[in-house]
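Report on the following structure.
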Amino acid sequence: MQLVVAAAVLASAAPAYAVTDIMWWHAMSGELRRQLEKLASDFNASQSDYRIVPSYKGNYTETVTAAIFAFRSRSQPAIVQVNEIATATMMAARGAIYPVFELMADQQEAFSPEDYLPAVTGYYADAAGNLLSFPFNASTPILYYNKKMFRAAGLDPDIAPKTWPELGAAAKRLRASGAACGFTTSWPSWINVENFSAYHNLPLATEANGFNGLNAVLTFNNPVVVRHIAQLAEWQATKVFDYSGRATTAEPRFQNGECGIFIGSSGTRADIRKNSLFEIGYGMLPYWPDVAGAPQNTIIGGATLWVLRNRPQAEYKGVARFFAYLSKPEVQAAWHQNTGYLPITRAAFDLTRAQGFYDRNPGTAISIEQMTQKPLTENSRGVRLGSFVLIRDAIDDELEQAFSGKKSAQAALDAAVERGNRLLRQFERANPDR
């Protein structure tokens, strides 16, 4: 009798079923990591079947590399965050990825690509318009400026420079007033070559920047880009522009008041607001006014969530539920408002506007306006080139040669194109069936 009672007590104390854990490897640190972990915990609290377990794996390259090695040992996560320039590489790994449009259909979760912003989804869709990965943290470069330093330099703190000549003039005023640096940028290639090209409706490469085939050839060593890099190099000599390194190494120089103007990701707004002890102004990416068609639209950066195969089937239902949750207007609106990343759906954008967020926070709609101000062109849809992580490294190498005065802008960009094209041909040879 005692055994029967004990068994009954244990049965009543145990859960009716086990919660399915779903590993999510990501590359977000700082304030963004806290916001990401809140998304996971909120989803976990919204239902009792699945538990999303986020795990920080380092920067984007480190996260993707970790996932690749884990896949080989069958210890891969169900979800991995991959930056936008690795899209072509992920597409080539057909046996490893579970396309999101297939996942949502297989798991019978509502999923309509028409609900998402074309400027975001176009980057991650196949030729038929099917989404291969789930848009998560989409960003675009915008201009930030220090209003306190603008006032000290006699500049209007309510007006951001709109063109590169205006930016140069403002940066010279900042330097004259004692600023250590007029302006700087993060992600040198992403901002000064990739987005610069899109914003001036110039091709980065043939074959619609790689969307139409692996035989694309880089073409960004054109007169407009050469002139732009040459101007940056000239300004570098007097620190009107001051090169601050790759990736996000420039951000602290703006946050600590060293540089009066900073061009960086819209997705860094949360960290900039948290770490800057001054009033911040916002503006669109500058353009050269004598280039026909400029400004066009910028392209996205950031990352998407890729689903990896060979996980237990029970996990995939949870992944689909999680993606459906992330698509909810109220969830997307909060993510957008708290981070500076673009809302991935029209409904989230409309909700944010209806909530008065843009009215209360001037400048926060700039990233969306900049992305959607004109219909996309082949030159401004995005970039889908194999091995682009390595190509971007080559571009950054050569930009550093130009900024340091070791090469002319033309020679540096010619070398970047030559090095990049070699990488493209290697990728093309390695993927003959595509």
Side-chain angles (χ1 to χ4, degrees), residues 17-28 32-33 35-57 60 63-64 66-84 86-87 89-91 93-113 115-116 120-121 123-126 130-138 302-332 334-335 341 343-345 348:
Y17 48 84
V19 175
T20 300
D21 282 351
I22 299 167
M23 292 300 299
W24 175 16
W25 289 6
H26 68 87
M28 291 191 152
L32 294 175
R33 179 176 181 174
Q35 293 294 334
L36 180 149
E37 290 174 346
K38 184 178 186 302
L39 282 178
S41 62
D42 287 351
F43 169 75
N44 294 342
S46 73
Q47 45 74 53
S48 57
D49 298 326
Y50 307 99
R51 180 168 54 219
I52 297 293
V53 184
S55 180
Y56 174 68
K57 292 296 178 180
Y60 285 132
T63 300
V64 173
I68 291 170
F69 280 110
F71 195 87
R72 292 171 180 167
S73 61
R74 294 187 172 275
S75 58
Q76 74 275 14
I79 308 170
V80 61
Q81 183 187 26
V82 180
N83 55 338
E84 89 288 2
T87 299
T89 301
M90 293 298 290
M91 288 177 65
R94 289 177 177 172
I97 64 168
Y98 191 169
V100 163
F101 77 96
E102 289 183 15
L103 167 79
M104 301 302 272
D106 291 347
Q107 304 302 328
Q108 299 182 325
E109 285 286 348
F111 187 66
S112 175
D115 294 341
Y116 299 80
V120 176
T121 57
Y123 209 115
Y124 303 111
D126 63 15
N130 298 310
L131 268 175
L132 303 172
S133 57
F134 183 83
F136 177 57
N137 56 304
T304 50
L305 305 181
W306 288 82
V307 183
L308 300 181
R309 291 197 183 273
N310 299 334
R311 295 299 306 170
Q313 279 302 312
E315 293 185 16
Y316 291 126
K317 182 65 176 177
V319 173
R321 293 250 318 253
F322 181 50
F323 287 174
Y325 174 83
L326 291 180
S327 299
K328 288 183 176 181
E330 63 274 20
V331 174
Q332 265 303 305
W335 172 251
Y341 283 116
I344 61 170
T345 64

For Thr345 and Ser327, work out which heavy atoms get closest and say how close.
-> CG2-O, 4.1 Å
Closest approach of Pro343 to Ala348 (non-hydrogen atoms, all atoms of both residues) = CB-CB, 3.8 Å
Residues passing the ring pair (Phe, Tyr, Trp, His ring centres under 6.0 Å) test with Phe111, sequence neighbours excluded, are Tyr116
With rounding to the nearest 0.5 Å, note down the distance linking NZ in Lys38 to CG in Leu36.
-> 12.0 Å
Shortest non-hydrogen contact from Trp25 to Ala70?
-> CH2-CB, 3.5 Å
Closest contact, heavy atoms only, Pro135 versus Ile344 = O-CD1, 3.4 Å
Euclidean distance, Ile79 CD1 relative to Phe134 CZ, rounded to 0.5 Å | 9.5 Å
Residues that Phe71 engages under ring pair (Phe, Tyr, Trp, His ring centres under 6.0 Å), provided they are two or more places apart = none
Output side-chain donor-acceptor pairs under 3.5 Å for residues 99-110, partner residues at least two apart or in another chain, one line each.
from: Glu102; atom 1: OE1; to: Arg309; atom 2: NH2; distance (Å): 3.4
from: Asp106; atom 1: OD2; to: Tyr98; atom 2: OH; distance (Å): 2.5

Quick one: which of Leu39, Val319, Asp42, Ile22 gives a side chain to side chain contact (heavy atoms under 4.5 Å, CB included) with Ile52?
-> Ile22
Which atom of Val19 lies closest to which atom of Ser48, heavy atoms considered = CG2-O, 3.5 Å
Close aromatic pair by centroid cut-off 6.0 Å: Phe43 and Trp24 = no
Tyr50 and Ala314: which non-hydrogen atoms are nearest, and at how many Å?
-> CE2-O, 3.4 Å
Distance from Ile97 atom CD1 to Met91 atom CE, nearest 0.5 Å?
-> 7.5 Å
Sort out for me which residue in Phe323, Trp335, Trp306, Tyr341 forms a ring-ring contact (aromatic ring centres under 6.0 Å, His included) with Phe136.
-> Trp335
With a 4.5 Å heavy-atom cut-off, do Leu132 and Tyr124 have their side chains touching?
-> no
Counting N and O atoms only, with roles assigned by atom type, does the side chain of Gln81 sit under 3.5 Å from a partner on the main chain of Thr304, one being a donor and the other an acceptor?
-> no
Checking Tyr316 side chain against Arg311 main chain: does a donor-acceptor pair fall under 3.5 Å?
-> yes
Gap separating the CD atom of Glu315 from the CG atom of Asp21, nearest 0.5 angstrom | 8.0 Å
Spatial distance of atom OG (Ser112) from atom CG (Leu131) [nearest 0.5 Å] = 10.0 Å
Which distance, rounded to the nearest 0.5 Å, do you find between the CD of Gln332 and the CG of Leu326?
-> 7.0 Å
Is the closest basic N to carboxylate O distance between Lys317 and Asp49 below 4.0 Å?
-> no
How far apart are the C-alpha atoms of Arg33 and His26, what are their side-chain angles, what is the distance that settles it, and do they pass the side chain to side chain contact (heavy atoms under 4.5 Å, CB included) test?
-> CA-CA 9 Å; Arg33 179 176 181 174; His26 68 87; 4.0 Å; yes
